[in-house]
Asker: 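Next up is a structure, given as structure tokens.
Keep in mind it's a predicted model, so treat the numbers as computed, not measured. Numbering of ligands and ligand atoms starts at 1, following listing order.
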Amino acid sequence: MRLSRCFLPVLKESPTDAQIVSHKLMLRAGLVRQTAAGIYAWLPIGFRVLQKIEQIVREEQDKAGAIELLMPTLQSADLWRQSGRYDAYGPEMLRIKDRHEREMLYGPTNEEMITALFRDDVKSYRDLPRTLYHIQWKFRDEVRPRFGVMRGREFLMKDAYSFDLDEAGARQSYYTQMLAYLRTFQRMGIQAVPMKAASGPIGGDLSHEFIVLAPTGESEVFYDAAFDEFDWAQPGLRYDDPAGLEKLFQQVTATYSATDETHDEARWAEVAEGRRRTGRGIEVGHIFYFGKKYSESMGLKVSGPDGSMVTPEMGSYGIGVSRLVGAIIEASHDDNGIIWPDAVAPWKVGIVTMRGDDAPSIAAAEELYSRLTEADVDVLYDDRDERGGVKLGSMDLIGLPWQVIIGPRGLEKGVVELKNRKTGEREELSLESAHARLTA
Ligand code: 5CA
């Protein structure tokens, strides 16, 4: 991508209407623009990050055996009357009437819809277990939308729903999603600690939140330092190993972690003093087991192996896809701007010419740009007619993992500069070696 042809409005000044660093940086680096309270347009660079996050979530859900589908954003009120939640949900639900005066709503979540879809087409225990998911926009009319995409009114969520024949099966589905979550966040370059959660309006007794530690987080958190050494990827564990999954779950729940809502002073006192960690955190995921809450109220039944009718056990599993963009920035930035983890970076490398009027610099940049593009490396080329210092500032702000800086003095010696955004390390090397390093 050539910066001169992109839509990448970078702000020089720090916006005064943003309170937390990720929101400020998302506005300054041109990731999003607010179009109404708590509603955001995703500009090209923000949209690229959103799509990378979404793709990681999708791949890890698929590996865990969940099946993707897509449900609509608009739902009928009648559907929600079946579970009794239409009245219970309160003012957070955006209620709409169509031209025929039919009551509709913009979905804040999809338990009702998925239960109805399953109920209308699944008749036998042979079709269980199943975990279905979609990645779709939600709307919650939050009283105080704030911190940008972190607490928006419209936001992108991955929500998965599991259906099992009995509680033992439902627990396996829960453990499976727990492992998928650990791997998902690990791949994004962040650590999200699973913490015992209160289950809230969704109901159920088994529930964990996944929390990224950040000083600006909305909840207060308490955890055992053992999580700092935790093996998030669990490379040896397979999804078809029920005993292994259960063991992982036991390990996670035996290691203390809680938010202010579930904090237990008695158990906290049992954690060795030197291992007690406290702080604040951002909830990027939330998983629930809620048994027959929706299947019972909505009349979902399948015929069991012995011919009797069975009401399936369910769980739901959410990830805040758009919130993650903010959460990753909270966890990974410095005074100069964003530092994208490789896996979610909008581009892998940025090319900067220090002098926009120097023909050899432009020729070298053009050559590297086209060769990297041909090699399918995601590259952003700042070909604007701006001062070198301004371009370097923008590159740091945007936070791509690598920068190639090209200037007349270096070219005289036959070298360009390769800078690592995270460590700040700079290395002089030939254009050829820079190309080799970035395509390795
Ligand atoms: N149906 C369940 C699970 S599928 C559910 O809705 N869970 S939730 O309410 O916890 O939401 C799931 C995730 O969406 C949260 O963990 C959070 O990361 C994200 N989320 C919730 N509300 C917002 C919001 N207002 N803005 C941005 N992200 C949000």
Asker: Below 4.0 angstrom from a heavy atom of V149, which ligand 1 atoms are there? Numbered from 1 as shown, please.
Answerer: 27 (C)
Asker: If you measure every N/O of Y161 against every N/O of ligand 1, is any gap under 3.5 Å?
Answerer: no
Asker: Do H263 and F222 have their ring centres less than 6.0 Å from each other?
Answerer: yes
Asker: Should one rank H286, R323, E111 by closest heavy-atom distance to atom 10 (O) of ligand 1, which comes out on top?
Answerer: H286
Asker: Hey, what's the ring geometry for F163 with F118, parallel, tilted or perpendicular (30° and 60° as the breaks)?
Answerer: parallel
Asker: Taking the six-membered ring for Trp, are F139 and Y106 parallel (under 30°), tilted (30 to 60°) or perpendicular (over 60°)?
Answerer: tilted
Asker: Mind checking the CD-CH2 spacing from E154 to W137? Nearest 0.5 Å is all I need.
Answerer: 6.0 Å
Asker: Say whether E283, considering both its backbone and side-chain N or O atoms, lies within less than 3.5 Å of an N or O atom on ligand 1.
Answerer: yes
Asker: Could you check whether Y289 and Y174 have their ring centres less than 6.0 Å apart?
Answerer: no
Asker: Can a salt bridge be assigned to the pair E261 and K196 using a cut-off of 4.0 Å between side-chain N and carboxylate O?
Answerer: no
Asker: Any idea which atoms of ligand 1 are less than 4.0 Å away from a heavy-atom of D159?
Answerer: 4 (S)
Asker: Does any N or O of ligand 1 fall below 3.5 Å from an N or O anywhere on G152, backbone included?
Answerer: yes
Asker: May I ask whether F288 has any heavy atom positioned less than 4.0 angstrom from an atom of ligand 1?
Answerer: yes
Asker: Using the six-membered ring wherever Trp is involved, compare the ring planes of H286 and F288 and label them parallel, tilted or perpendicular (cut-offs 30° and 60°).
Answerer: parallel
Asker: Atoms of ligand 1 less than 4.0 Å from V284 heavy atoms?
Answerer: 16 (O), 18 (O)
Asker: So between F147, Y317, F155, whose heavy atom ends up nearest atom 20 (N) of ligand 1?
Answerer: F155
Asker: At under 4.0 Å between heavy atoms, which part of M150 makes contact with ligand 1: side chain, backbone, both or neither?
Answerer: backbone
Asker: Evaluate the criterion side-chain hydrogen bond (donor to acceptor under 3.5 Å, both in side chains) for residue pair T35 and Y40; output intermediate values, then yes/no.
Answerer: CA-CA 5 Å; T35 58; Y40 291 85; over 6 Å; no
Asker: Does R153 approach ligand 1 within less than 4.0 angstrom via side chain, backbone, both or neither, non-hydrogen atoms only?
Answerer: neither
Asker: Out of all atoms in ligand 1, which are within 4.0 Å of some heavy atom of G285? Include the element for each.
Answerer: 16 (O)
